[in-house]
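Scope of the values below: all heavy atoms of this structure, side chains included, with no hydrogens, waters or symmetry mates.
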Amino acid sequence: MSLVHETDYGTPKSKSEKTVTLTIDGQPVTVPEGTSIMRAAMEMGTQIPKLCATDMVDAFGSCRLCLVEIEGRPGTPASCTTPVGPGMVVRTQTDRLAQIRRGVMELYISDHPLDCLTCSANGDCELQDMAGAVGLRDVRYGYEGENHVFAKKDGAANQNFLPKDESNPYFTYDPSKCIVCSRCVRACEETQGTFALTIAGRGFDSRVSPGMQESFLGSECVSCGACVQACPTATLNEKKVIEIGKPEHSVITTCAYCGVGCAFKAEMRGEELVRMVPYKNGEANRGHSCVKGRFAWGYATHKERILKPMIRAKATDPWKEVSWEEAISHTASEFKRIQKKYGRNAVGGITSSRCTNEETFLVQKLIRAGFGNNNVDTCARVCHSPTGYGLGQTYGTSAGTQNFDSVEETDVAVIIGANPAAAHPVFASRLKKRLRQGARLIVIDPRRTEMVQGPHLEAAYHLALRPGTNVAVVTALAHVVVTEKLYNEKFIRERCDWSEFEHWAEFVSLPKNSPEEVAKISGVPAETIRGAARLYATGGNGSIYYGLGVTEHSQGSTAVMAIANLAMCTGNIGRPGVGVNPLRGQNNVQGSCDMGSFPHELSGYRHISLDEPRHLFEKDWGVTLDREPGLRINNMLDAAVDGSFKGIYIQGEDILQSDPDTTHVSAGLEAMECVVVQDLFLNETARFAHVFLPGSTFLEKDGTFTNAERRIQRVRKVMAPKNGYADWEITVMLSNALGYPMQYEHPSQIMDEIARLTPGFANVTYQMLDERGSVQWPCNDKAPEGSPIMHVSGFVRGKGKFIVTEYIATDEKTGPRFPLLLTTGRILSQYNVGAQTRRTDNSVWHPEDLLEIHPHDAEQRGIRDGDWVRLKSRAGETTLRAQITDRVAPGVVYTTFHHPDTQANVITTDFSDWATNCPEYKVTAVQVSPSNGPSRWQEEYEEFSRLSRRIAPLEAAE
Amino acid sequence: MSHETSADKLVYMANQIGKFFASQGAEEAIDGTLVHIRKFWDPRMRNAIIAHLDAGGEGLDPPVRKAIERLRT
Ligand code: SF4
Ligand code: SF4
Ligand code: SF4
Ligand code: FES
């Protein structure tokens, strides 16, 4: 194995379809119009020396190293900024060029430290490479003059010297090594879109500066790492590289955090991970990343990670470490005992959206075939189950319609109930780039998120609706489209059922759905709704991106259908730049849904009661399957409280922290006789567990993840599992012990089984993924290349279905006791319940959950910024600190749910989506009042956590 | 919200489903609710709601009541 080297073409690829032929160093070469000479040369294999150019950002032309000669043109133009022309004759190496280049390099080196041997970038430094490439042999100027290299000059402080900035936990900035090529500044602007860096000063005084001469940590920097990747020298360098040294081999893998699914090169030294570098050929991320995937992987070796299996008789006992054999046979005998005593249906399991497709598939197989029931569910229940239902009903597939590249062709983007800047950062960067090119943006969100206003970014419309009124507002948008005749009749007649459309059009046209009426319940001015609807319907390619702010409501499924209707009636389906795109939370939520994790359906979304698919599985698995749907997570907990559900196998989910109404979840878990938790850490759910099976990280196993654009990508093992086994192996052992044998030597065999049993995966194999990098399902004989965009020539279900979406207010209502509405969300540096990110340095950006409250509401209650406040709902109460901000409207408060001590879900109620029981996280009526510190509940919880986490010291061996 | 008993909770869920299908027209109000419950509720929940109906069916909206009567078969 060796390092995966990616070619740097120097300048971005031209999208032109016209080509140009020219001659470089005597060889003819044909490239798209608009390509730089530098890139054209590189495409034929000739690297022109360069320092300030790199293909992730536009050329800048400042270093003057890449000069070339062009016949018939005077002077020596820079090849990075000069586009190719037909018939051009270019020479990349002549005596004159060589001499100029050496001169340039000499100047650079004369103001650069010569400590190459001990430099962290040694062997990975473009300045070093270029010195070699241009044949620099001596440097005539010393450091006597002005320099940026030494702290002292003639015994006094050197005014030009800046000390290292080590404030960022993951990378350092050493200004003494900076060559002011501005690659970092351009990466921050163009790739990331944060604009945190500038070049301050001019000429010899110019320096890279985060914000207004701030530290990196103190600046706007979001630590995405784009600048570090762009930097040709050691100026911006990963601390891990400084600590460990240069990596020697690398493996392509996929981020295990969010649904964007960024591809990375895991760069290794032996079995030690040195750094994760975003992979340019990754089709989801195109070489970009965010702080989580790029840097926050330290949890894999965190000291709190549990590496040995443990069991205990009661949840109040201390844990006892046991061998794998004992843990597995104990678990199997417990499940058998429970099934014998309480019946076959008294046990079930939860698959994980963090694990691979193969692992998820195996867990549901274990439950359906091994346990012999359909009591399987997944955490997608609590996030995107309404997407599955809503899009399934209207379009016929339970997934988004586009690939991420599609955003490059959108003209009007609508973001509903999502904050991609925080939860899907790389997608946000790609969208922002498109917005800077002139696309317009509509944001529908109770809160003024980073997407509404930011550097070089301003949404055309922000519909700051009251939480819980999505259906009303989206239906009102449709009202405008229909009553103002902005709909796409041709599309509707061709692709949908016209009479269904008419029926629906009649409904949306009712006066109660007009912006004027909806303004009264949603708080969004009628004119804003009208403006947004007109823009979406007439502004060119309109695309909708939505998140949990849509699904996590009692009308979540209805809202998804309302969105689907809107896209259909405007013809915004079936081509690049348009579509309906759920932004999936976790890395493999899409995959876990595809793999048959829901109690009522087999992989590929086929209802368990349908004989044909069920018989297919029965034959393959050699068992008879139950044809009745099983229990969902919340129903399992209800059944546990009722006494008919007694044992659960939970792989990689923390339902106690991620599910609503914590008290109800605890009661359910407490009532069970065997709770098995398989995870990296003693998570919150493990407080009630009787068996703990240590899980493995994404670095320790092979498999695949499917991201939000249906893209199946490989996860590759880069180190042996520290706990001994990959998660799929643990499921196999458990199944064997239960008496249902499973035999797999490698996850690729599981994928073969998935492909055999799932029409949308029919042509997927590991070999194909290795060859192509990734593929978007459906991938079968009808679509051998996969399906970047769905519903291209017609809807999967046949005709697109318009469904009436009547607004029904949630029963979670404000009143005198609970006058405010709480809504919840995430921030960039933390992930979900934070189990992983809290165990990394990412905590420097988010040490605690804060309650955002409008100045008006705060003043009324005598709350000052930073005060402890009590947050109380009908379900429970907690305390946290207040942050006063007008990002939220009066009457609305907001918090994140990344920290267990806050337990925002103690507050949330158990109202849920009518169709899927997806919990209503996004609306809770609350009261906020000043407080002195943690609530009694939090203190008790703290104490119980401490008790339940005890691990008994090992008894001395006999 | 804190549901007193699981029967209350099932009634609440069934009515919620019923409300959606009621908005789809009179026929769907019953058929849609019936099909939805049959497709997504496990047998013990279905039995529990039928038992609740047999015990008087308190709290069930009229179309939902009709749907559950037909769930038996
Ligand atoms: S890490 Fe990202 S956000 Fe921070 S300065 Fe670099 S490019 Fe900008
Ligand atoms: S920090 Fe690196 S990328 Fe930025 S200007 Fe200096 S050398 Fe160039
Ligand atoms: S968390 Fe998401 S955006 Fe960040 S690197 Fe991972 S997949 Fe990419
Ligand atoms: S690489 Fe072209 S001017 Fe620097």
>> Quick check against the 3.5 Å criterion: does B:Gln16 have a side-chain atom that pairs as donor or acceptor with the backbone of A:Phe911?
In response: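 No, B:Gln16 side chain to A:Phe911 backbone: no donor-acceptor pair under 3.5 Å.
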>> Would the distance check show the side chain of B:Gln24 and the main-chain N or O of A:Ile803 forming a donor-acceptor pair, the cut-off being under 3.5 Å?
In response: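 Absent.
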Might you point out which heavy atoms bring [X] and [Y] nearest each other, and give the distance in Å?
X	Y	value
B:Arg44	A:Ala639	NH1-CB, 3.9 Å
B:Pro43	A:Pro629	CD-O, 3.4 Å
B:Phe20	A:Ile808	N-CD1, 4.4 Å
A:Asp638	B:Lys9	OD1-NZ, 2.9 Å
B:His36	A:Ala915	NE2-O, 3.1 Å

> Of all of A:Asn345, A:Asn374, A:Val641, which one pairs up most often with chain B through heavy atoms under 4.5 Å apart?
Replying inline: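 Maximum pair count with chain B is reached by A:Asn345.
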>> Shorter than 4.5 Å, heavy atoms on both sides: which option in A:His607, A:Gln555, A:Glu806 has the most such pairs with chain B?
In response: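 Maximum pair count with chain B is reached by A:His607.
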Checking [X] against chain B: side chain, backbone, both or neither under 4.5 Å from a heavy atom?
X	value
A:Ser873	neither
A:Ser554	both
A:Asn917	side chain
A:Tyr807	neither
A:Met636	neither
A:Asn375	side chain

> Does some side-chain heavy atom of A:Phe598 sit less than 4.5 Å from a side-chain heavy atom of B:Phe40?
Replying inline: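 Counting from C-beta outward, B:Phe40 and A:Phe598 never come under 4.5 Å.
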>> Are A:Asn635 and B:Met13 packed together at the side-chain level, in the sense that at least one heavy-atom pair is separated by less than 4.5 angstrom?
In response: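 The answer is yes; the side chains approach within 4.5 Å.
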>> Working note: B:Met45 + A:Leu631, criterion side-chain contact (heavy atoms from CB on, under 4.5 Å); need CA distance, chi angles, decisive distance, verdict.
In response: CA-CA 9 Å; B:Met45 292 162 71; A:Leu631 294 166; 4.0 Å; yes
> Under the side-chain contact (heavy atoms from CB on, under 4.5 Å) criterion, do A:His600 and B:Lys39 qualify, and how do the steps go?
Replying inline: CA-CA 7 Å; A:His600 63 276; B:Lys39 261 175 107 168; 5.9 Å; no
>> Within a 6.0 Å radius of atom CD on A:Glu506, are there more than 12 heavy atoms belonging to other residues, nucleotides or ligands?
In response: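 Open.
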> Would you say A:Lys799 has more than 12 foreign heavy atoms packed within less than 6.0 Å of its NZ?
Replying inline: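 Atom NZ in A:Lys799 is crowded, with more than 12 foreign heavy atoms closer than 6.0 Å.
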> Can you tell me how far the CD atom of A:Glu628 sits from the CZ atom of B:Arg38, to the nearest 0.5 Å?
Replying inline: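 Answer for the CD-CZ pair, A:Glu628 versus B:Arg38, is 9.5 Å.
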